[in-house]
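Okay, so here's the structure we're looking at.
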Amino acid sequence: MRMSQIFAPTLREVPSEADIPSHQLMLRAGMIRKTVSGVYSYLHLGCRVVRKIEEIVREEMDRQGAQEVLMPAIQSADIWRETGRWDDYGSEMFRLKDRHGREMCLGPTHEEIVTVTVRDEMRSYRQLPKILYQIQTKYRDEIRPRFGVMRSREFIMKDAYSFDRDNEGLDSNYSKMYEAYCRVFSRCGVDYRVVEADAGAIGGSQNHEFMVVSEVGEDALVFCEACGYGANVERAEAARPPESEHDAVKVRTGIRKVSTPGMRTVEEVTSYLQVGPSKLLKTLLYMADGEPVAAVVRGDRDLNEAKLKRALGVRELELASPEVIERVSGAPVGFTGPVGLRERVKIVADWEAVVVEDAVVGANAADAHLAGANYGVDYSADVVADIRNVVAGDACPRCGAALRGARGVEVGHLFKLGTKYTSALGVSYLDEGGVDNLVVMGCYGIGITRTAAAAIEAHHDDDGIIWPMSVAPYQVLVMPLNTQESVQMEVAERIYSELCGYGVEVVIDDRDERPGVKFKDADLIGFPIRVVVGPKHLGDGKVEVSMRRDRSVELVGIEDVAAHVTKMVDRELSVLMPQ
RNA sequence: CGAGGUGUAGCGCAGUUUGGUAGCGCGCUUGGUUCGGGACCAAGAGGCCCCGGGUUCAAAUCCCGGCACCUCGACCA
């Protein structure tokens with residue numbers, strides 16, 4: 001490919017719409033352009049990267065015996081109604097009607113359609129197990145698209161679905177996908193971590209997320225370096241606090257009302273009363289499936305709504321409105337507490353909150369709190385459970401070592417669905433004994449376009465992208481410094497065509513630009529290897545070969561350079577290849 | 001959906017307060033000089049000032065109503 005012809009309009013300045021490195025660099029390097037909010041065109045270089053990642057994914061899926069299929073983006077509402085998700089999916093689903101007024105959607109995911117397709121053909125245990133996958137465009141009308149292709153409304157995903165006779169089969173396929181994912185992300189050159197995650201609306205029992213560690217990641221993670229435990233904070237378990245603390249015989253101060261005029265926040269109350277935030281219990285009122293409930297956590301903790309949902313066994317959870325708060329507590333927002341609520345509501349207390357002695361709590365009266373409150377004495381709870389967010393420094397729930405925190409970009413997710421969809425849609429097979437059994441499913445996703453962005457987040461510097469060899473849009477750039485110098489051009493053209501002959505993905509910068517412009521674009525686009533043909537060394541019959549990653553430079557004879565560079569490319573690729 | 005912000009040339013922005021018919025830098029075109037890290041000189045092209053109403057002799061600027069985009073939050077396989 002010739003740089004003079006390539007469709008990769010680079011930008012000197014950072015477009016104002018982008019504020020994370022990967023988004024800025026994808027725009028500046030001419031990889032993508034936005035069409036509307038959350039919808040992007042992939043220009044030549046961006047498209048190449050996406051195809052590279054797809055191909056790696058394809059190879060690893062095939063390696064595990066998965067079969068590629070391709071399912072439609074346009075789906076009928078009917079099959080979504082069968083699982084009840086037509087209504088549950090809400091406004092995140094792009095919906096449309098055909099000319100006959102039939103309801104359709106642009107598929108946000110493919111559990112329904114793949115399950116129905118399999119159901120129609122599924123008869124015998126002899127047809128199992130199977131793993132089907134596709135690499136296809138997904139549509140989700142995200143509330144707020146952001147970070148370029150990191151969270152976009154139209155994006156490319158690899159989604160795979162396994163079908164098994166039983167849980168043992170599912171475990172086996174799950175392990176295969178787990179291994180495939182490890183290999184995929186290793187080959188893509190990104191540093192990833194596998195964490196336990198909340199299953200969310202998709203349901204199912206066990207699930208793992210593959211996260212690329214990055215400051216701009218939208219998920220908070222904790223992991224334990226001692227035992228290997230890792231979890232998304234929305235899922236991470238808090239270690240149970242020792243009971244003894246609560247049972248210890250101590251002189252209690254006794255509960256009493258204290259005036260806290262206008263003090264609504266934890267910060268205001270604790271600084272006014274001169275106590276630490278861990279001595280205050282905050283009480284949050286939620287509407288859980290339409291019923292108000294009170295949740296109590298320590299003042300220095302964040303409530304975890306996913307855990308609260310689980311503790312209550314409810315589907316819908318949202319913070320109560322100020323009107324409900326005033327009605328239930330009998331006081332304005334900011335003074336709610338577990339002692340003496342006006343209305344009898346279910347109280348869920350974090351198991352760490354109930355061991356706080358002589359706690360400060362809201363008095364359910366304006367401008368007042370209660371000090372010296374104790375669980376079991378002054379208040380009680382209907383449920384005591386782990387309902388707070390784990391934070392870095394907490395004890396690991398497995399081994400007790402201190403957890404470390406990080407942020408991550410979710411690039412892959414594995415779910416054990418079990419029979420959630422096959423029971424809803426009636427997918428069964430006959431076993432050897434002629435008995436009808438439900439098929440057991442798993443589903444497995446990789447965000448292809450998001451992985452591209454994550455790779456850039458992980459590999460860039462002030463000058464541009466530093467592509468791992470495996471996913472670079474092109475592997476090598478040959479750069480004659482001055483196209484007016486016929487010797488330079490001849491040498492560069494020769495090296496270029498030799499590299500093409502070796503099967504290397506190479507671009508020649510044949511533009512009549514000054515060297516500075518070419519260097520800047522080369523760094524920005526991030527060709528892993530750059531071959532500079534310039535006047536300094538041409539007299540000695542040599543050219544400069546340098547690595548984008550560490551800026552190392554070596555001089556190589558013109559005759560040898562194509563073979564040499566080809567070896568470098570192969571070496572870089574083999575380093576990324578597991579085993 | 002709640003809160004905040006921004007829409008002016010391909011990109012980054014000024015001009016809006018105080019109305020007088022649009023500018024700067026980069027990029028682009030042509031010619032020349034240059035050529036190892038975003039050159040210089042000269043001459044050019046390029047605008048529905050987001051859209052629609054209104055006020056006014058006159059609107060990028062003031063008023064009303066939309067729309068789009070960005071950020072934070074809520075939300076989310």
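Proteins come first, then strands; the chains are lettered A, B, ... in the order of their sequence lines, and each starts at number 1. Below, all heavy atoms of this structure are taken into account, side chains as well, without hydrogens, waters or symmetry copies.
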Would you mind reading off the distance between [X] atom [atom1] and [N] atom [atom2], rounded to a whole angstrom?
X       : N      : atom1 : atom2 : result
R140(A) : A77(B) : CZ    : P     : 8 Å
I525(A) : G37(B) : CD1   : P     : 19 Å
F94(A)  : C76(B) : CZ    : P     : 17 Å
E142(A) : U71(B) : CD    : P     : 13 Å
E485(A) : C35(B) : CD    : P     : 9 Å
L27(A)  : C70(B) : CG    : C1'   : 13 Å
E218(A) : U71(B) : CD    : C1'   : 13 Å
M479(A) : G36(B) : CE    : P     : 13 Å

- Message: By nearest heavy atom, map R153(A) and E318(A) onto RNA chain B; which one lands nearer the 5' end?
- Response: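 Closest to the 5' end, via its nearest nucleotide, is R153(A).
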
- Query: Starting at the 5' end of RNA chain B, which residue's closest nucleotide do you reach first, V517(A) or H110(A)?
  - Reply: V517(A)

- Message: Using a strict heavy-atom distance below 4.0 Å, which residues from residues 282-293 of chain A are in contact with RNA chain B?
- Response: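 Correct list: empty, so none.
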
- Item | Selection: residues 300-309 of chain A, any non-hydrogen atom under 4.0 Å of RNA chain B |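 Under 4.0 Å from RNA chain B: E305(A).
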
If you restrict it to nitrogen or oxygen atoms, what contacts under 3.5 Å exist between nucleotides 2-11 of chain B and the protein, and what is each distance?
residue	atom	partner	partner atom	Å
C11(B)	O2	E13(A)	OE2	3.2

- Query: So does E544(A) reach the base of G36(B) with its side chain, donor to acceptor, closer than 3.5 Å?
  - Reply: yes

- Kindly indicate whether the side chain of R530(A) and the base of G37(B) share any N or O donor-acceptor pair separated by less than 3.5 Å?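 Present.
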
Of the listed nucleotides ([options]), which one gets closest to any side-chain atom of [X]?
X       : options                : result
V36(A)  : C69(B), C35(B), A77(B) : C69(B)
V532(A) : G37(B), G36(B), C70(B) : G36(B)
R146(A) : C72(B), C70(B), C28(B) : C72(B)
F415(A) : A77(B), C35(B), G38(B) : A77(B)
K520(A) : G37(B), G36(B), A77(B) : G37(B)

So what's [N] paired with, Watson-Crick or G-U wobble, going by both distances under 3.5 Å?
N      : answer
G20(B) : C57(B)
G31(B) : C41(B)
C1(B)  : G73(B)
A68(B) : U6(B)

When the [atom1] atoms of [M] and [N] are compared, how many Å lie between them, rounded to an integer?
N      : M      : atom1 : answer
G12(B) : C70(B) : P     : 13 Å
G38(B) : C26(B) : P     : 14 Å
G19(B) : C57(B) : P     : 15 Å
U29(B) : C67(B) : P     : 40 Å
G52(B) : G5(B)  : C1'   : 23 Å
C24(B) : G46(B) : C1'   : 15 Å
U6(B)  : A77(B) : C1'   : 33 Å
C35(B) : C13(B) : P     : 35 Å

- Message: Under the side-chain contact (heavy atoms from CB on, under 4.5 Å) test against V293(A), which residue among V328(A), L312(A), L284(A), L285(A) passes?
- Response: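 Running side-chain contact (heavy atoms from CB on, under 4.5 Å) over V328(A), L312(A), L284(A), L285(A) with V293(A) returns exactly one hit, L312(A).
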
Does [Y] offer a backbone N or O that forms a donor-acceptor pair with the side chain of [X] under 3.5 Å?
X       : Y       : answer
R140(A) : P108(A) : yes
D523(A) : G526(A) : no
Y192(A) : V411(A) : no
E112(A) : T83(A)  : no
E457(A) : S22(A)  : yes
Q24(A)  : A18(A)  : yes
Q134(A) : M71(A)  : yes
R119(A) : V427(A) : no

- Task: Report the residues that fulfil ring-ring contact (aromatic ring centres under 6.0 Å, His included) with Y174(A), sequence neighbours left out, ordered by chain and then residue number.
- Result: H208(A)

Over all strands shown, is [X] touching base, sugar-phosphate only, or nothing at heavy-atom distances under 4.0 angstrom?
X       : value
K518(A) : nothing
Y89(A)  : base
P535(A) : base
D19(A)  : sugar-phosphate

- Message: Are F415(A) and Y161(A), when compared by the centres of their aromatic rings, separated by less than 6.0 Å?
- Response: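 No: the rings miss the under 6.0 Å criterion.
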
- Item | Residues in side-chain hydrogen bond (donor to acceptor under 3.5 Å, both in side chains) contact with E215(A), at least two apart in sequence or another chain | none

- When K416(A) is tested against each of D171(A), N173(A), N207(A) for side chain to side chain donor-acceptor pair (under 3.5 Å), which residue passes?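 So the option named by the test is D171(A).
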
- Looking at E111(A) and R85(A), does any basic side-chain N land under 4.0 Å from a carboxylate oxygen? yes

- Ion pair present between D461(A) and R548(A), side-chain N to carboxylate O less than 4.0 angstrom? yes

- Message: Which label fits F210(A) and Y178(A): parallel for a plane angle under 30°, tilted from 30 to 60°, or perpendicular past 60°?
- Response: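 F210(A) and Y178(A): perpendicular rings.
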
Atom pairs under 3.5 Å, N or O on each side, protein against nucleotides 32-34 of chain B: can you list them with distances?
residue	atom	partner	partner atom	Å
U34(B)	O2	R514(A)	NH1	2.7

- Task: Answer yes or no: does a side-chain N or O of K138(A) lie under 4.0 Å from OP1 or OP2 of A77(B)?
- Result: no

- Query: Passes side chain to side chain donor-acceptor pair (under 3.5 Å), D159(A) versus Q136(A)? Steps please.
  - Reply: CA-CA 8 Å; D159(A) 46 322; Q136(A) 194 256 12; over 6 Å; no

